[in-house]
Amino acid sequence: MSIFLDKNSKIIVQGITGAEGSYHTDRMYKYGTNLVGGVTPGKGGQRTPQGLAVFDTVREAVAATGATHTCIFVPPPFAADALYEAYDAGITFAVCITEGVPVHDTLKVVGATPGMRIIGPNCPGLASPGKALVGIMPGHVFKEGGIGVISRSGTLTYEIVDLLTRAGLGQSTCIGVGGDPIIGTTFVECLREFKNDPQTQAIVICGEIGGSDEEEAAAFVAEHLPELPVVAFIGGRNAPPGKSLGHAGAIISGSFGTPQSKIAAFEAAGIPVAQRPSEIPALLAQRLAVRA
Amino acid sequence: MSIFLDKNSKIIVQGITGAEGSYHTDRMYKYGTNLVGGVTPGKGGQRTPQGLAVFDTVREAVAATGATHTCIFVPPPFAADALYEAYDAGITFAVCITEGVPVHDTLKVVGATPGMRIIGPNCPGLASPGKALVGIMPGHVFKEGGIGVISRSGTLTYEIVDLLTRAGLGQSTCIGVGGDPIIGTTFVECLREFKNDPQTQAIVICGEIGGSDEEEAAAFVAEHLPELPVVAFIGGRNAPPGKSLGHAGAIISGSFGTPQSKIAAFEAAGIPVAQRPSEIPALLAQRLAVRA
Amino acid sequence: MNLMEYQGKELFKRSGIAVPSSHHALDPQAVAAFLEGALGQWVVKAQVLMGGRGKAGKIKMATGASQGRSVAQEIMATPMPPNRQNPAGEPVKSLLVEERLDIAKEAYCAITIDRAARKPVIVVSRFGGMDIEEVAEQHPESIAKFYVDTTIGYSAFMGRELAFAAQLDPGYRKEFPAILAALYDLFFRYGVKLVEINPLALTADGRVVASDAKVELDDDALFRFPEFAQWRAALPLDEDELLAAQAGVGIRNFRRFPGKVGTMANGAGLAMATMDAVANAGGEVADFLDVGGGANAQRVRNCYELVVNTTGAKVFFINIFGGITRGDEVARGIVTAMAQTASRKIPLVIRLTGTNEEEGRRILREAAMTPVETMDEGAREAVRLSHGA
Amino acid sequence: MNLMEYQGKELFKRSGIAVPSSHHALDPQAVAAFLEGALGQWVVKAQVLMGGRGKAGKIKMATGASQGRSVAQEIMATPMPPNRQNPAGEPVKSLLVEERLDIAKEAYCAITIDRAARKPVIVVSRFGGMDIEEVAEQHPESIAKFYVDTTIGYSAFMGRELAFAAQLDPGYRKEFPAILAALYDLFFRYGVKLVEINPLALTADGRVVASDAKVELDDDALFRFPEFAQWRAALPLDEDELLAAQAGVGIRNFRRFPGKVGTMANGAGLAMATMDAVANAGGEVADFLDVGGGANAQRVRNCYELVVNTTGAKVFFINIFGGITRGDEVARGIVTAMAQTASRKIPLVIRLTGTNEEEGRRILREAAMTPVETMDEGAREAVRLSHGA
């Protein structure tokens with residue numbers, strides 16, 4: 001198995017003829033992702049270089065292809081509209097790559113689309129190696145296997161996945177949940193899915209400063225996944241309070257969101273916290289060996 | 001049994017110390033309804049003449065009494081707020097007596113309170129005879145029995161119930177769904193409940209001009225309750241188009257909401273339509289006799 | 001409350017929907033003054049609530065002040081011709097003088113509340129400028145609808161979907177989602193029951209403009225918009241509503257008809273059933289009247305005087321189902337009301353139930369009124385008396 | 001974007017929240033002019049973003065023009081004293097002259113977005129006029145919160161519940177739900193991240209007035225409100241953001257620190273991890289810098305110049321994880337950038353992965369730069385070079 005995404009997930013791309021959309025459509029297609037079409041209003045009837053049908057609306061795309069998943073590449077002012085359109089057309093899984101979506105837009109969409117799983121916004125997407133890749137992640141770093149990876153960042157995730165792959169530790173599903181303060185799917189929601197995934201034998205949590213997603217993930221692991229090998233990493237330990245570093249969500253406000261609090265939470269849950277990404281494979285191998 | 005309401009339903013009154021609220025609280029109390037308290041902001045800590053506790057907020061009332069049902073007597077500008085407060089406090093069944101609620105308020109409340117059953121607004125409430133009465137209906141016309149009654153009006157319902165009672169036909173639950181264009185619970189939703197109520201042996205549908213509730217009820221009966229004796233009445237057969245008569249919802253617009261359409265729908269579903277209320281008991285007795 | 005075209009367009013302007021440049025004029029002189037020195041052709045439109053202005057010759061072109069004055073005079077000279085719903089027609093009290101658009105295409109769009117779906121519904125057709133019910137018959141495929149989830153509200157994709165589904169001319173596409181956004185905002189902000197743009201014009205130079213405006217406000221929401229009170233004054237009076245308000249009953253609770261049997265009941269449903277009962281007994285009613293709760297002496301008197309003085313009633317059938325009120329109290333109220341009124345007397349037929357109903361009927365009999373036991377009996381008796389009268 | 005008090009109060013006024021009558025003055029002369037002939041006592045407040053104005057002597061009372069001028073001069077004479085987040089302090093560029101309220105009680109209310117609940121949260125306390133974190137420690141029972149369901153929005157019961165739960169003085173109760181309604185409307189309408197009234201004053205004559213105003217707008221939503229652009233000009237510049245914008249990277253993507261190791265990475269998470277790697281290797285960074293996607297020659301050059309010219313970097317550690325981009329292309333870009341720049345040269349340590357990474361490293365070696373294979377190795381090397389420099 002794997003979570004959220006597999007070989008048969010039928011996926012469309014919203015904004016498929018835009019610069020970003022067409023570039024990443026090609027990469028996803030070449031990875032072997034089951035893309036079934038795309039949407040650009042006014043370009044219905046065209047075909048992409050890969051031969052994918054372009055539709056004017058998500059409703060038409062879903063009717064013609066049976067798509068259940070969407071990957072959204074549209075500018076920030078239109079991201080909420082794209083998500084509503086997907087929801088209204090019956091899409092159940094949406095990945096929103098767009099960075100810079102107003103936080104109230106995300107807040108409202110998350111509240112008004114019950115039953116649709118949203119990954120992001122401001123995220124690199126996700127991959128179930130060997131099956132499908134949705135978003136902007138580089139396919140070549142992945143290898144199919146038993147490690148679930150959840151992360152708030154992009155390149156750092158690829159870095160960590162690359163380290164895992166080089167160490168022979170393949171992945172079940174890797175999810176970049178996004179760097180914004182409000183995101184559609186949190187670490188805990190990913191962990192809840194991993195809990196029921198037989199392919200996933202261990203988990204890497206790649207957190208960063210800001211918010212309390214890491215603390216909640218630690219508590220969830222302690223309560224629901226005490227037996228599972230889990231390793232964590234926290235980026236931004238040396239960040240000053242009051243300034244967000246790159247990600248809108250990576251900000252320490254007062255006593256909230258500090259690396260100390262996150263590290264303490266992981267350690268209290270029995271989860272080792274790597275000092276540097278390069279330590280992750282060894283920590284993981286160690287935990288897997290103890291279990292076996 | 002009965003639907004929506006029985007002897008054990010724990011009921012509060014919102015606006016319990018107002019003129020309307022206190023008057024009808026007394027009548028409900030004397031009927032034997034299981035009232036457990038009421039709400040008037042700023043009067044928390046007082047007691048009603050019946051000895052019921054008054055709370056400042058619905059949240060407090062629910063926490064203290066375990067109430068699940070509410071009956072709302074507040075002026076029109078505050079009705080939506082009262083319904084939201086009930087919803088937020090965990091109330092699952094709300095009767096809104098208030099007449100003159102802006103239609104957009106009702107529209108928004110109905111869309112934003114999934115899982116809470118709302119009767120009304122602009123309705124007389126409901127009664128499960130011998131068990132409980134919520135709203136402003138006169139208790140003395142009812143008699144416990146096997147007839148379910150659904151109606152869009154108030155006094156006409158009492159008239160019909162009175163005719164049934166005098167003819168020896170007791171009632172399971174009688175619901176005045178309300179006279180507004182947008183209401184929380186339609187005929188079809190009541191019928192769906194009656195379908196699973198062993199006490200209900202037959203149904204009287206008291207419709208009126210405007211909307212398509214009657215047509216939908218007829219279709220539902222034909223599909224899901226073909227064996228159940230059902231009798232209908234339509235008020236306002238002699239109404240002119242374009243003018244609402246008393247109820248905001250009783251209006252014929254173009255070809256919509258005409259008595260002809262409603263009568264045709266009932267007849268197509270095999271439901272006899274009484275020419276006058278006084279014919280209802282005989283029609284019902286006849287249908288019950290055929291079945292027995 | 002239905003708004004006049006110029007009022008609706010004022011709301012459109014506030015909401016950012018393009019309308020033709022225009023001037024609201026109260027008389028031909030004002031039309032002439034506005035057109036003094038104005039270039040090009042203008043349209044002078046009667047401001048009335050009734051439909052069919054074009055066919056009735058109440059929309060005319062004009063160039064210059066002098067022609068403007070003369071067409072304005074023609075339009076205002078006669079009221080709108082009567083129809084079934086407005087047997088008296090409707091006087092023309094003001095005019096809208098409007099830039100004449102060079103129209104390339106006409107479409108239709110509206111937002112209203114769908115009762116069955118319990119959602120706002122947006123309706124669009126590529127055919128505008130004619131009655132939408134006619135379009136529904138002749139070109140059903142041209143009508144596209146979208147039911148809006150109120151927890152989401154309007155979002156631009158809805159406008160895109162509708163434009164594609166209704167096959168609007170591509171010239172509309174770019175602006176259409178934003179026009180619907182503004183229209184939905186207006187609909188939601190002002191508690192509107194119906195807003196309709198028919199036609200929504202695409203001009204030869206590519207603008208999308210609301211060429212007409214129909215707005216129905218929710219009477220129950222007017223308390224939130226005190227600014228609309230001044231507009232109400234400009235609307236044609238609904239005499240029935242005015243009379244009802246004067247008598248102290250709800251404006252929806254009284255409606256006059258041409259028959260001879262006056263009626264009154266407590267509760268709208270019962271009042272409708274009372275009308276039907278009179279029809280079943282072979283009579284014709286003079287009115288629909290819901291006296292509401294608390295049928296006390298003052299209220300009964302007001303209602304009696306309302307019916308006797310403003311309808312052709314020859315008999316007054318009072319149908320009270322005493323749910324909570326006591327029969328004897330209602331009876332005393334009626335007797336007192338009749339003793340106090342200075343209006344002319346017509347026979348009363350009174351159906352009265354409730355606690356102490358026998359006592360009530362005794363009181364009525366003693367006051368020489370006709371108590372009956374059922375609605376049917378009362379209707380028959382009232383019809384009989386009306387024939388005799 | 002954090003607003004100054006006078007800007008926040010302007011938004012409050014627009015939204016119908018009562019604020020003291022006031023005048024925004026740019027210098028002592030304007031204060032004096034405003035107070036010429038004004039009766040009673042007034043408060044002169046420094047308009048700065050930093051907290052702790054009272055303790056810093058930047059809020060003073062004044063009666064009359066002459067005293068107004070002199071306290072204004074005193075306040076503007078020195079900047080706000082520095083603290084850890086603002087080591088340079090903050091100059092006082094303008095003043096708010098405000099009616100002095102006769103305050104009977106002070107409460108607190110705020111609306112912000114709760115990340116964990118993914119809902120707006122309204123926070124109320126009966127203790128106002130002090131730091132809310134202090135209140136949370138000393139009087140936790142005085143703080144009441146309400147998480148708002150965005151599909152419902154604000155409704156008056158929330159204000160009633162909060163007033164009871166926070167045990168606000170009964171004097172607040174009547175107006176409080178409407179004040180929160182206006183505050184929520186402002187929060188929602190302008191895409192606000194935090195709005196805080198501290199204190200919300202109850203005056204001796206029973207008015208409820210926002211005595212201070214703190215508003216944080218969402219930078220990502222500013223495109224919807226072009227009217228706020230003029231306000232930004234009045235705010236103290238964040239030099240890092242300005243420099244980032246000039247270099248063509250996002251305003252959140254660059255931040256300076258006192259160390260000697262310049263850093264740059266592609267991706268915010270990797271850039272943070274790069275900072276951490278330098279710290280792990282015993283060094284101190286000169287900056288945080290996310291170059292973003294497409295690390296082409298022009299972008300690399302801009303970033304290099306940004307770091308060399310504005311920080312104390314003695315070495316520049318470039319950490320590129322070539323997810324999609326090719327290693328040789330990035331290497332060529334870096335070489336070209338270094339050839340083109342006119343800025344002074346410092347040693348480069350470059351960690352580069354991706355397709356054709358060996359070829360990339362060869363290109364770098366030939367250009368006399370230091371290619372490394374891992375982030376840790378690069379950090380160690382950069383720290384070593386910075387010590388040597």
Side-chain angles (χ1 to χ4, degrees), chain A residues 27 76-77 99-108 110-112 124 136-138 140-141 151-159 162 179-183 186 206 208-213 216 233-250 254-255 275-278, chain D residues 84-86 113 115-116 118-120 133 149-151 187-188 190-193 218-224 238 240 250 252-255 257 265-273 275-280 284-285 288-290 292-293 319-325 353-355 374-376 379:
Chain A
R27 297 195 64 86
E99 181 178 353
V101 178
V103 66
H104 275 260
D105 286 15
T106 308
L107 198 62
K108 218 181 140 222
V110 166
I136 60 173
M137 292 186 175
H140 64 82
V141 299
S151 171
R152 279 168 65 185
S153 78
T155 33
L156 180 59
T157 313
Y158 321 153
E159 172 92 38
D162 192 47
D180 276 3
I182 303 293
I183 49 175
T186 59
C206 176
E208 64 190 28
I209 52 162
S212 57
D213 234 21
E216 283 150 31
F233 174 79
I234 304 291
R237 295 183 183 212
N238 296 284
K243 306 283 181 191
S244 58
L245 293 187
H247 290 157
S255 54
Q275 182 83 3
R276 37 180 72 85
S278 57
Chain D
R84 208 161 68 96
Q85 281 183 49
N86 290 273
I113 295 171
R115 290 171 67 150
R118 284 183 288 200
K119 287 181 174 175
E133 276 162 23
D149 179 342
T150 52
T151 64
F187 169 78
F188 187 76
Y190 297 110
V192 164
K193 291 177 86 167
D218 178 9
D219 292 316
D220 289 334
L222 286 177
F223 70 89
R224 295 200 171 122
D238 182 312
D240 292 348
R252 280 193 289 262
N253 290 13
F254 178 59
R255 193 59 61 191
F257 298 103
N266 61 331
L270 191 62
M272 277 188 263
M275 287 175 64
D276 295 339
V278 170
N280 284 340
E284 285 179 17
V285 296
F288 160 92
L289 176 53
D290 171 12
N319 185 10
I320 301 290
F321 188 89
I324 289 172
T325 38
T353 72
T355 339
T374 69
M375 171 158 45
D376 295 342

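Lettering follows sequence order; numbering is per chain, from 1.
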Is there a donor-acceptor pair under 3.5 Å between the side chain of [X] and the backbone N or O of [Y]?
| X | Y | answer |
| --- | --- | --- |
| A/T155 | D/N266 | yes |
| D/D218 | A/H104 | no |
| D/R118 | A/L107 | no |

Top residue by heavy-atom pair count (under 4.5 Å) with chain A, among [options]?
| options | value |
| --- | --- |
| D/D240, D/D290, D/V192, D/L289 | D/V192 |
| D/N280, D/V278, D/N253 | D/N280 |
| D/D149, D/L270, D/T151, D/T353 | D/L270 |
| D/F257, D/F187, D/F188 | D/F187 |

Taking side chain to side chain donor-acceptor pair (under 3.5 Å) as the definition, give me every residue that meets it alongside A/S153, ordered by chain and number, with sequence neighbours left out.
none
Taken in chain and number order and not counting sequence neighbours, the residues that satisfy side chain to side chain donor-acceptor pair (under 3.5 Å) with A/E216 are A/S212
Greatest number of heavy atom pairs closer than 4.5 Å to chain D - which of [options]:
| options | value |
| --- | --- |
| A/A239, A/G235, A/A250, A/G100 | A/G100 |
| A/R152, A/H140, A/R27 | A/R27 |
| A/H247, A/K108, A/M137 | A/H247 |
| A/G249, A/G154, A/A112 | A/G249 |
| A/G111, A/G179, A/G211 | A/G211 |

Might you point out which heavy atoms bring [X] and [Y] nearest each other, and give the distance in Å?
| X | Y | answer |
| --- | --- | --- |
| D/M375 | A/P277 | CE-CG, 3.7 Å |
| D/R224 | A/P77 | NH2-O, 4.0 Å |
| D/A279 | A/N238 | CB-ND2, 3.4 Å |

Considering only heavy atoms, which portion of [X] lies under 4.5 Å from any heavy atom of chain D: side chain, backbone, both, or neither?
| X | result |
| --- | --- |
| A/I234 | backbone |
| A/D213 | neither |
| A/P124 | neither |
| A/V110 | side chain |
| A/E208 | side chain |

Counting neighbours of CD on D/E284 that are heavy atoms of other residues, nucleotides or ligands and sit closer than 6.0 Å, is the number greater than 12?
no
Is D/F321 close to A/V141 at the side-chain level, that is, under 4.5 Å between some pair of heavy atoms?
yes
Compare all side-chain heavy atoms of A/L156 with those of D/M272 and state whether any distance is below 4.5 angstrom.
no
What part of [X] gets closer than 4.5 Å to chain A, counting heavy atoms only: side chain, backbone, both or neither?
| X | value |
| --- | --- |
| D/F254 | neither |
| D/D376 | side chain |
| D/R115 | both |
| D/F288 | side chain |

Any carboxylate oxygen within less than 4.0 angstrom of a Lys/Arg side-chain nitrogen, looking at A/K243 and D/D238?
yes
When rounded to the nearest 0.5 Å, the distance separating CZ of A/R276 from OG1 of D/T374 is 10.0 Å
